[in-house]
Colleague: 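Let me give you the structure first, and then I'll get to my questions.
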Protein chains: 2
Amino acid sequence: MKIEPMDGTHTIDRRVARTRALLQDALIALIPERGYAAITVDDICRRANVGRSTFYTHYADKDALRSATMEVHLRLLSRRRVSDGRETGKRLFEFSLPMFEHADAFRPLHHALLATSGDTIHDELRERIRRTVRTELAEKWIGHDGVPVEFAVQFIAGAFLAVLAWWLAEDAGLPPVQVDDLFQQMAAKGIGP
Amino acid sequence: MKIEPMDGTHTIDRRVARTRALLQDALIALIPERGYAAITVDDICRRANVGRSTFYTHYADKDALRSATMEVHLRLLSRRRVSDGRETGKRLFEFSLPMFEHADAFRPLHHALLATSGDTIHDELRERIRRTVRTELAEKWIGHDGVPVEFAVQFIAGAFLAVLAWWLAEDAGLPPVQVDDLFQQMAAKGIGP
DNA sequence: GCAATTCTGGACATTGTGTCCAGTATGATA
DNA sequence: TATCATACTGGACACAATGTCCAGAATTGC
């Protein structure tokens, strides 16, 4: 197995490229079906029509394959962002549109990467939070500007869980009331002035 | 093994209670150390000083233990919210403060439940998004009202990923430009008028 | 105290992992 | 097209973890 040049200058053996592509595609195809955790190396190989021992000459394990797959596509994404000529400037969150566009173009991949099936540990809690937010918004929120309620639900629930996780990881202690204040404030007014 | 009454009316065998508590505590203690995925049933039992065969008389597998553990604590949370007498009214997101408070009171549990260690599938992407947001905010954002930059990073990154996942799951197609618009709008102005 | 229930440790079949190898097929190069 | 280097293959192996089962010991509820 030749070492792949970092700059992508010269091509690698066709067989290598073929095998890796088959394995990556197989993984992407399988994730929505059973969820990442339930997939075995053997599953991937059978789907890809690749010998199991071959798998291990390319990737150390299932996680390595996943990482490599992500790496390839996120690299594509960065390249696109640089080369598409939109001027980079003062507008906040310029990453978002290219990301949405890339996700749209590679739906199966991104769907696989973000599917709740990937890992069940957060899912129950997430769903619970979403339900709560949904209920509150339905009762007290006058949707405006054609923002779908469900969009707001996802936005708020996602932000909340991220903040909660961060706050718990940082032992440096804001008291609960204070984090909550920040959350309420940003949920209500956003990031702008 | 007696069936536990749904209403919690009468108590169960002391041994059962003891064993279950030991197992749940062991799981919570182990998650921050190795991450949920890497923990084996045997690990849990050794930590809890409980025979492995005993484990299986209480829970079908590791996931069942996790679910039960969450269930117990989320039940506590709902009960608290109802009974703490804060009037429920027009304010949005009343769930958040009780949740922050409960998380603070049961730090190890919630830390364990939300730790990125749980499952690695999203983590690389999450971290990447956070980095991007962090960079953009550092360059273009005049933090205000004493909102820590890192708080904003977590808030925005969390919201973005949740929205992205939802949009990909819903095949009903908003075009990328439109989702992005919604995202930008809500990130900037929040949910209020 | 006594019957009922739970805990225990060990054995077992099963599944998935990761390594290794000798033989075969295929691509790169000239 | 010939030849050499490299990649693929399938099967065997040791190992780790899962989930089931059991008979005996320990604890509990009454």
Side-chain angles (χ1 to χ4, degrees), chain A residues 1-5 8-27 29-31 33-69 117-121, chain B residues 1-5 8-27 29-31 33-69 117-121:
Chain A
M1 187 171 78
K2 249 181 265 174
I3 302 294
E4 180 179 2
T9 299
H10 206 262
T11 172
I12 50 180
D13 195 310
R14 234 175 250 165
R15 289 168 292 182
V16 173
R18 190 185 77 103
T19 300
R20 291 187 184 167
L22 284 171
L23 289 173
Q24 297 189 3
D25 290 349
L27 177 62
L30 283 170
I31 289 179
E33 294 178 17
R34 313 191 205 176
Y36 177 74
I39 298 172
T40 72
V41 172
D42 203 58
D43 291 334
I44 300 170
C45 293
R46 255 183 287 126
R47 173 67 63 108
N49 275 315
V50 163
R52 203 167 68 88
S53 53
T54 305
F55 178 98
Y56 287 104
T57 69
H58 291 280
Y59 303 104
D61 54 25
K62 204 176 58 164
D63 281 350
L65 172 60
R66 179 181 53 74
S67 282
T69 307
S117 35
D119 187 355
T120 63
I121 184 138
Chain B
M1 188 171 78
K2 252 180 262 174
I3 301 294
E4 180 178 1
T9 298
H10 205 262
T11 173
I12 49 180
D13 194 311
R14 234 177 251 165
R15 288 167 293 181
V16 173
R18 191 184 77 103
T19 300
R20 291 188 183 168
L22 283 172
L23 289 173
Q24 297 189 3
D25 291 348
L27 177 63
L30 283 170
I31 289 180
E33 294 178 17
R34 313 191 205 176
Y36 177 75
I39 299 172
T40 72
V41 172
D42 203 57
D43 291 334
I44 301 171
C45 293
R46 256 183 286 126
R47 174 67 63 107
N49 276 316
V50 163
R52 204 169 67 89
S53 54
T54 306
F55 179 98
Y56 288 104
T57 69
H58 292 279
Y59 304 104
D61 54 25
K62 206 175 57 163
D63 280 351
L65 172 60
R66 179 181 54 75
S67 282
T69 308
S117 35
D119 188 353
T120 63
I121 184 133

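Note: hydrogens, waters and symmetry copies are ignored here, and every other heavy atom, side chains too, is used. So that the names make sense, note that chain A is the first sequence line, chain B the second, and so on, each numbered from 1.
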Colleague: For a quick test of reading the model: is some side-chain N or O of B:Arg14 closer than 4.0 Å to OP1 or OP2 of D:dG29?
Modeller: yes
Colleague: Remember a base hit wins even if backbone is also touched, and classify A:Asp43 as base, sugar-phosphate or nothing at under 4.0 Å, heavy atoms.
Modeller: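 No contact.
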Colleague: Could you tell me how far apart B:Arg20 (CZ) and C:dC7 (C1') are, to the nearest whole angstrom?
Modeller: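 Nearest whole value for this atom pair: 14 Å.
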Colleague: Minimum heavy-atom separation for A:Ala26 to A:Ile44, with atom names?
Modeller: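 Closest approach of A:Ala26 to A:Ile44, heavy atoms only: CB-O, 3.6 Å.
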Colleague: Among D:dA17, D:dT9, D:dC21, which nucleotide has an atom closest to any side-chain atom of B:Ser53?
Modeller: D:dC21
Colleague: From C:dG18, C:dC7, C:dA11, pick the nucleotide closest to the side chain of A:Arg52?
Modeller: C:dG18
Colleague: Rounded to whole angstroms, how far apart are CZ on A:Arg34 and P on C:dT15?
Modeller: 14 Å
Colleague: Can you find a pair of side-chain heavy atoms, one from B:Asn49 and one from B:Leu22, that are under 4.5 Å apart?
Modeller: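 Answer no - side chains too far apart.
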Colleague: In whole angstrom, what separates B:Ile44's CD1 from D:dG19's P?
Modeller: 11 Å
Colleague: State which of D:dT28, C:dT17, D:dT9 makes the closest approach to the side chain of B:Asp13.
Modeller: D:dT28
Colleague: Would you kindly give the NZ-to-P distance between A:Lys62 and C:dT15, to the nearest whole Å?
Modeller: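 My rounded result for the distance is 17 Å.
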Colleague: May I ask you to decide whether B:Asp43 forms a salt bridge with B:Arg47, counting only side-chain N to carboxylate O separations under 4.0 Å?
Modeller: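 No, B:Asp43 and B:Arg47 are not salt-bridged.
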Colleague: Do A:Tyr59 and A:Arg66 have side-chain heavy atoms sitting under 4.5 Å apart?
Modeller: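 Not in contact.
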Colleague: In terms of side-chain heavy atoms of B:Arg15, which of D:dT9, C:dT19, C:dA4 is nearest?
Modeller: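 Nearest to the side chain of B:Arg15 among the choices is C:dA4.
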Colleague: Checking side-chain contact (heavy atoms from CB on, under 4.5 Å) between A:Leu65 and each of A:Leu27, A:Ile39, A:Val41, which is the one that passes?
Modeller: A:Leu27
Colleague: Find which nucleotide of DNA chain D each of A:Arg18 and B:Thr40 is nearest to by heavy atoms, and output the residue with the more 5' nucleotide.
Modeller: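 Nearest-nucleotide comparison on DNA chain D picks A:Arg18.
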Colleague: Over how many whole Å does the gap from A:Asp61 atom CG to D:dC15 atom P extend?
Modeller: 20 Å
Colleague: Rounded to the Å, how far apart are B:His58 NE2 and D:dG19 P?
Modeller: 16 Å
Colleague: Ignoring backbone atoms, establish whether B:Tyr56 has a side-chain N or O less than 4.0 Å from OP1 or OP2 of D:dT20.
Modeller: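 For D:dT20, neither OP1 nor OP2 has a side-chain N or O of B:Tyr56 closer than 4.0 Å.
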Colleague: Look at B:Thr54 and C:dT8 and indicate whether a side-chain polar atom (N or O) is within less than 4.0 Å of OP1 or OP2.
Modeller: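 The answer is yes; a side-chain N or O of B:Thr54 sits under 4.0 Å from OP1 or OP2.
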Colleague: Separation of B:Asp42 atom CG from C:dT8 atom C1', in whole Å?
Modeller: 14 Å
Colleague: Rounded to whole angstrom units, what separation is found between the CG atom of B:Leu65 and the P atom of D:dG19?
Modeller: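 It is 12 Å, rounded to the nearest whole Å.
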